[in-house]
Undergrad: 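Supplied in structure tokens, the structure appears directly below.
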Amino acid sequence: MSEVYVEEVCKQYREVQALDNITCTFEDGQLTVLVGPSGCGKTTLLRTIAGLIEPTSGAIYIGKRRVDGVPPWERNIAMVFQSYALYPHMTVFKNIAFPLEATRTPKDEIKRRVVETARILQIENLLDRKPRELSGGQMQRVALGRAIVRKPEVFLMDEPLSNLDAKLRVVMRAELKHLQTQLGVTTIYVTHDQAEAMTLADKLIVMNAGRIQQIGRPEELYRHPRNIFVAGFIGSPPMNFIEVQYDPTARALVGTGFQYPLGPRWLDLLRNRPAGTLILGIRPESIQVSNTPSPGVVPASVYVMEQLGREILLDVKIGPQTLRAFVPADTRLQMGQDVWLQFHEDALYLFDPETEVSLSWKE
Amino acid sequence: MKARSIFRMILAGLLILAVLTACAPATPQVVEKVVEKPVVQTVVVTKEVPVEKKVVETVVVPEKRTQLSFAGHQYFNMSFGPAPAPLEYMRQVVAEKYPNIDIQLIMQPLDANKWHDNLTTYWMAKDPTVDLLYVVGYWITEFAEAGWLMPLDDKVDPALLAKYDPAYLDIFRHNGKLVALGPAWGGIGGLYYRKDLLEKYGLKPPETYDDIIAACDTIRKDNPDLGCWDWPAMRNVVLVNRWSEFLHGFGGTYFNKDGTCAMNSPEAVNALEFMTMLFKKGYTPQEALSWKEEDANVRFVSGQTIFFTGRQDLLFWIDDPAKSKIVGKWGFIPNPAQPGGRHAGFPEFWAFAVSAYSDNPEEALKVLELWGSLPTMKNFNLAWGPIQGHSDVYTDPDVLKANPNLPLIEEIAKTAIPPLPSANYGEITDLLQAQIHSALSGQISPKQALDDACAAIDVIEKGP
Amino acid sequence: MAVLFIIPALIFVTLFMYYPIVQTFIYSFFSLHRTADWLNAQFVGLQNYIAVMKSEAFRGAFGFTLYYTVMTVAFELAIGLGMAIATFSVHPRLRGILRAVLVVPWAIPPIVSAMLWRWLFHADAGIFGYLLMATGLVSRPPAFLTDPTLAVHSIIVASVWKNASMMGILLLAGLASIPQDIYDAAKVDGARTWFRFRRVTLPLLLPTILVTVLFRSLWALRMFEESYGLTGGGPGTTTDTLSTFAYKYFFTYARFGVGSAYAMVIFLMVVMVAIVYVNRVKGNLRFKE
Ligand SMILES: Nc1ncnc2c1ncn2[C@@H]1O[C@H](COP(=O)(O)OP(=O)(O)O)[C@@H](O)[C@H]1O
Ligand SMILES: [Mg+2]
């Protein structure tokens with residue numbers, strides 16, 4: 001078990017910069033999730049760590065050992081693929097035994113360890129079957145078995161659950177987390193699903209367009225997103241963004257049809273800023289909607305209502321811009337009806353429109 | 001479901017068998033035909049119309065037309081001398097005399113074996129596809145015996161027949177009946193030698209086989225890299241042609257008077273033993289056993305060998321400095337013969353015949369007569385070279401001018417021997433090819449080869 | 001039921017495909033020379049088959065054809081596999097070019113390639129003879145086409161050259177159909193190159209190999225052009241092939257009775273080879289579905 005350290009890694013395909021100067025640490029024994037939209041370079045980074053892709057530049061360490069240039073079969077890692085990549089011509093037993101046979105483990109030990117692994121994953125009754133005789137969930141377990149049987153230094157998992165149906169995915173997610181905690185092996189887990197990332201991760205690395213956007217614990221990223229991208233990516237439904245004008249003399253943010261007076265915390269943060277455009281961010285769950293106007297509220301009109309059962313997800317319009325907010329399930333509202341929105345100052349985020357960085361962000 | 005799985009099994013079985021059927025040999029129904037499009041006869045009339053514009057009208061001649069198909073090879077579309085390609089000329093003379101007859105070429109492969117097989121396949125199916133055909137002398141017995149060729153004696157103009165050399169016509173007779181008119185072109189085997197070398201060593205052109213060996217021994221003493229005697233000995237039809245020249249040169253024959261095989265007579269065994277010796281002692285290179293005619297031709301004209309046995313058509317280009325290194329340094333004489341044997345040249349004489357299954361025998365005969373007449377025969381000579389059966393060809397001034405070697409060829413043509421006279425020519429020569437080649441490559445003794453061959457040939461001819 | 005609608009087509013296909021076999025089977029019991037009219041011919045029972053069995057030439061051709069088939073298919077498989085793997089392991093952009101180069105020998109018509117090889121084996125002008133002379137191994141060019149042993153192997157070499165590339169192309173397609181993830185999985189599982197090839201690539205390629213070998217063997221058993229073009233069956237009868245027999249008896253000799261017996265015997269042998277083979281490998285053809 002060891003920590004994985006990636007230092008200034010770049011990967012250039014002909015036109016695409018798939019990895020742009022990636023530096024990060026995957027702590028020993030922790031489950032780190034690489035998350036980002038599809039095409040952002042997660043798989044590339046994972047495969048670079050596995051040795052299946054050689055980086056254009058940079059260094060990779062597993063434990064104390066520098067491994068770039070070392071072929072994958074000498075890196076002592078295990079990988080779970082989205083397609084499971086089981087060997088179709090081998091039985092489940094043989095599939096799980098394969099990494100041990102490849103590393104010349106004695107026969108009786110292979111048997112012992114395969115059976116033990118199968119027991120952990122509750123697939124002892126499947127050992128004689130061929131992959132084509134298994135269900136998706138069973139194949140998933142076999143793939144896991146093949147990964148853990150070797151006791152590798154690092155687990156690499158590339159969207160391992162995305163071929164499962166939604167229900168099974170949730171079950172397997174929990175089992176996976178449990179298994180990882182139990183084994184305590186450094187795990188790098190790739191997913192594009194932020195909810196999955198939030199539930200699994202000890203630590204999250206958010207990527208976009210080949211770059212790391214932010215690294216942190218799930219609740220850190222939720223509370224203190226570094227920039228618009230992370231703020232919009234983490235959380236569901238995503239954070240609302242409205243373009244506003246900062247008016248230092250009025251000490252307020254001015255939007256279409258509303259003026260939002262700023263409190264002392266924000267005025268302090270904006271002290272040196274001239275008048276100009278800012279991006280205001282507010283999470284749907286932080287907006288309070290009321291039927292009656294009161295001072296400091298933002299007028300809006302109901303556009304769409306989505307009954308979710310526990311609550312209603314509301315789309316409201318402020319001028320041309322749309323915001324989403326939650327109201328209790330029994331709220332009586334009509335389409336087109338006027339409502340007033342209240343943002344709590346503490347739940348507010350402000351971003352620089354040029355750099356997209358949060359104004360409250362501190363390194 | 002049960003029915004479904006049975007159905008699947010049937011399908012799978014069908015599929016497997018389909019693959020296997022592909023492995024079974026073809027049955028005789030399948031014949032490849034390359035049919036050349038007939039020339040559409042159109043008359044173009046150009047009228048002067050007063051309104052300054054020319055109008056071209058195309059009028060298709062409406063009369064009933066007869067299509068005659070002719071089985072020949074691609075050379076009919078080629079000329080190698082100062083005359084149009086034969087087919088072009090043949091169509092021209094027909095169009096002039098019989099404007100209602102169209103000639104269509106049914107293209108045959110250059111490989112005479114395959115050509116033979118095509119023809120027999122048509123006829124066995126009584127297929128009237130072919131009206132007129134070009135046949136080689138050694139097919140005659142087989143085709144005539146089977147009744148596939150129309151007898152010509154009382155149908156062709158006697159005056160025309162009288163123009164033909166009777167010795168040549170004999171090659172196209174079966175049981176006294178003429179079944180083909182020709183040759184329109186012919187090849188005959190003779191001995192080429194290096195006149196310059198023989199003269200240098202004061203040697204006369206060889207008369208006997210022993211003379212050749214002696215000449216080689218003398219000349220090669222100073223020129224060890226020079227070949228002695230090259231001839232094509234690959235296992236194919238030509239091998240039997242060359243072999244029959246040796247057979248007759250040593251005094252052998254094909255059959256005894258009673259029709260039994262004579263090809264294992266002491267003379268015949270001597271002949272084959274001599275041939276085998278040529279390879280064993282290096283007078284003929286062992287590689288010649290894989291040589292076709294063109295391989296051996298090239299060796300002689302590039303000056304690598306002293307003697308060469310081949311057909312007279314090499315004369316067409318032997319003095320062409322672009323292709324030959326021995327311009328003016330060669331001689332061409334009849335094949336040698338040991339005392340008691342005869343100088344023998346194997347004739348590959350090609351003639352015109354009419355198929356017994358033709359739908360238009362009258363028209364076909366008319367065309368055959370036309371093609372057998374002097375103008376067409378002369379055109380053959382000028383386009384392809386000799387040999388023609390029509391005697392007037394040899395006195396024609398154009399021909400004499402274009403063929404300075406004609407007297408040489410006439411001399412050799414006199415040594416023509418009849419091909420093996422059997423209705424089973426194909427089968428017997430095939431057997432001989434294998435036996436002779438086995439002996440020449442040293443796999444069995446010559447006597448054994450010929451004894452086995454004769455035993456088998458007697459069975460083929462007479463039945464077990 | 002759907003099956004009913006297919007029955008007419010099935011009958012048609014059956015007749016169309018099997019008519020020649022049935023006809024050949026019938027012919028083989030009659031004495032037919034220069035005629036195919038078996039209704040008026042003499043029934044001779046098994047005599048034609050006895051003639052086939054007694055024929056020494058046939059046994060010789062059988063031996064050669066079998067040896068030729070085993071040798072060519074074995075070498076073609078080995079070389080084809082090598083070519084496929086080499087092609088597969090280069091960059092995808094190069095792969096296209098390499099594949100095009102691979103097809104060339106196979107795209108050459110058999111008769112043309114026979115001419116080409118006659119030239120290469122030629123004693124005076126042939127490159128092989130020249131090279132052997134240049135190395136000083138021999139004092140004169142070997143008789144590639146006229147020495148019995150050399151002739152057999154020269155034909156095999158020419159065939160391997162021509163067909164290995166076809167094998168290569170088919171195996172390449174087989175290789176390409178194995179998902180990349182599986183190779184990658186084997187790599188991270190710690191398998192080195194040879195172990196990966198033996199335990200993953202080869203078994204996954206096995207169905208392709210088996211089918212390719214079957215088709216190529218059936219094809220090789222029908223070999224004709226290579227022999228005909230290079231040696232004419234010589235020296236003597238050393239390189240006569242099975243398929244020339246039926247052909248000669250049918251077309252050159254016009255002996256349809258005996259010819260049919262030859263055809264039937266060859267046909268049955270090929271069927272047997274195919275059945276035995278398919279039975280043997282059945283288990284290996286199934287894991288993919
Ligand atoms: N072999 C390749 N050649 C060229 N571009 C590639 C290759 N592999 C990936 N890319 C590009 O690199 C970027 C990152 O890909 P990837 O790592 O697979 O994304 P993710 O796994 O985050 O969806 C994408 O733009 C993709 O198109
Ligand atoms: Mg990916």
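Throughout, protein chains are lettered first and strands after them, A, B, ... in sequence-line order, and every chain is numbered starting at 1.
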Undergrad: Heavy-atom distance under 4.5 Å to chain C: side chain of B:I460, backbone, both or neither?
TA: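 When you check distances to chain C, atoms from both the backbone and side chain of B:I460 fall under 4.5 Å.
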Undergrad: What do you reckon, is CZ of C:F224 surrounded by more than 12 foreign heavy atoms closer than 6.0 Å?
TA: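 Yes.
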Undergrad: With chain B, which of C:H33, C:R255, C:K248 has the greatest number of heavy-atom pairs at distances under 4.5 Å?
TA: C:R255
Undergrad: To check you understand the geometry: which heavy-atom pair defines the closest contact between C:T35 and B:M124, and what is its length?
TA: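 Residues C:T35 and B:M124, closest heavy atoms: N-SD, 4.4 Å.
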Undergrad: Above 12 or not: heavy atoms from other molecules or residues under 6.0 Å from CZ of C:F43?
TA: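 Atom CZ in C:F43 is packed in, count exceeds 12.
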Undergrad: For C:R140, is the CZ atom crowded, meaning more than 12 foreign heavy atoms sit under 6.0 Å from it?
TA: no
Undergrad: Step through the shown structure and confirm whether more than 12 heavy atoms of other residues, nucleotides or ligands are within 6.0 Å of CD on B:E294.
TA: yes
Undergrad: Considering only heavy atoms from C-beta outward, does the side chain of B:L289 approach that of C:P235 to under 4.5 Å?
TA: no
Undergrad: Is the backbone N or O of C:G236 less than 3.5 Å from a side-chain atom of B:R235, with the two atoms forming a donor-acceptor pair by type?
TA: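 Yes; at least one donor-acceptor contact below 3.5 Å.
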Undergrad: Give, for atom NE2 of B:H437 and atom OG1 of C:T237, the distance between the pair rounded to the nearest 0.5 Å.
TA: 10.5 Å
Undergrad: Quick one: what part of C:L214 sits under 4.5 Å from any heavy atom of chain B, side chain, backbone, both or neither?
TA: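 Contact with chain B is absent: no heavy atom of C:L214 under 4.5 Å.
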Undergrad: Relative to chain B, which segment of C:D37 carries a heavy atom at a distance below 4.5 Å: side chain, backbone, both, or neither?
TA: neither
Undergrad: Flag the pair B:N113 / C:F251 as yes when at least one side-chain heavy-atom distance between them is below 4.5 Å, and no otherwise.
TA: no
Undergrad: Side chain to side chain contact (heavy atoms under 4.5 Å, CB included) between C:Y253 and B:D430: does it pass, once the steps are laid out?
TA: CA-CA 9 Å; C:Y253 310 168; B:D430 204 48; 2.2 Å; yes
Undergrad: Chain C: which of B:Q304, B:Q433, B:K114, B:M234 shares the most heavy-atom pairs with it under 4.5 Å?
TA: B:M234
Undergrad: Does the side chain to side chain donor-acceptor pair (under 3.5 Å) test come out yes or no for C:Y228 and B:D111, once each step is laid out?
TA: CA-CA 12 Å; C:Y228 186 78; B:D111 181 337; 2.3 Å; yes
Undergrad: Name the member of C:A57, C:P141, C:G234 that forms the most heavy-atom pairs with chain B at distances under 4.5 Å.
TA: C:G234
Undergrad: Does atom CZ of C:F58 have more than 12 heavy-atom neighbours, drawn from other residues, nucleotides or ligands, at distances under 6.0 Å?
TA: yes
Undergrad: Would you say NZ of B:K462 has more than 12 non-hydrogen atoms from neighbouring residues, nucleotides or ligands within 6.0 angstrom?
TA: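 More than 12 heavy atoms, drawn from other residues, nucleotides or ligands, come within 6.0 Å of this atom.
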Undergrad: Can you tell me which portion of B:Q286 sits under 4.5 Å from chain C's heavy atoms? Options are side chain, backbone, both or neither.
TA: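 B:Q286 touches chain C through backbone and side-chain heavy atoms alike.
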Undergrad: Give, as side chain, backbone, both or neither, the part of B:W291 having an atom under 4.5 angstrom from any heavy atom of chain C.
TA: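 B:W291 touches chain C through backbone and side-chain heavy atoms alike.
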Undergrad: Taking C:H122's backbone N and O only, do any of them form a donor-acceptor pair with B:E287's side chain (distance below 3.5 Å, no angle check)?
TA: no
Undergrad: Between the main-chain N or O of B:T120 and the side-chain N or O of C:R34, is there a donor-acceptor pair closer than 3.5 Å?
TA: no
Undergrad: Can you tell which part of B:A423 gets under 4.5 Å to a heavy atom of chain C, answering side chain, backbone, both or neither?
TA: both
Undergrad: Against chain C, label B:N424 side chain, backbone, both or neither, depending on which of its atoms sit under 4.5 Å from a heavy atom there.
TA: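 For B:N424, backbone and side chain are both near chain C.
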Undergrad: Quick check on C:T252 against chain B: is it the side chain, the backbone, both or neither that has a heavy atom closer than 4.5 Å?
TA: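 Backbone plus side chain of C:T252, per the 4.5 Å heavy-atom cut-off to chain B.
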Undergrad: So what's closer than 4.5 Å to chain C heavy atoms on B:A146: side chain, backbone, both or neither?
TA: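 Interface part for B:A146: side chain.
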Undergrad: Measuring from C:F121:CZ to B:S290:OG, what's the distance to the nearest 0.5 Å?
TA: 10.5 Å
Undergrad: List the steps, then state whether side chain to side chain contact (heavy atoms under 4.5 Å, CB included) holds for B:K292 with C:R118.
TA: CA-CA 11 Å; B:K292 298 179 181 175; C:R118 265 177 69 79; 3.7 Å; yes
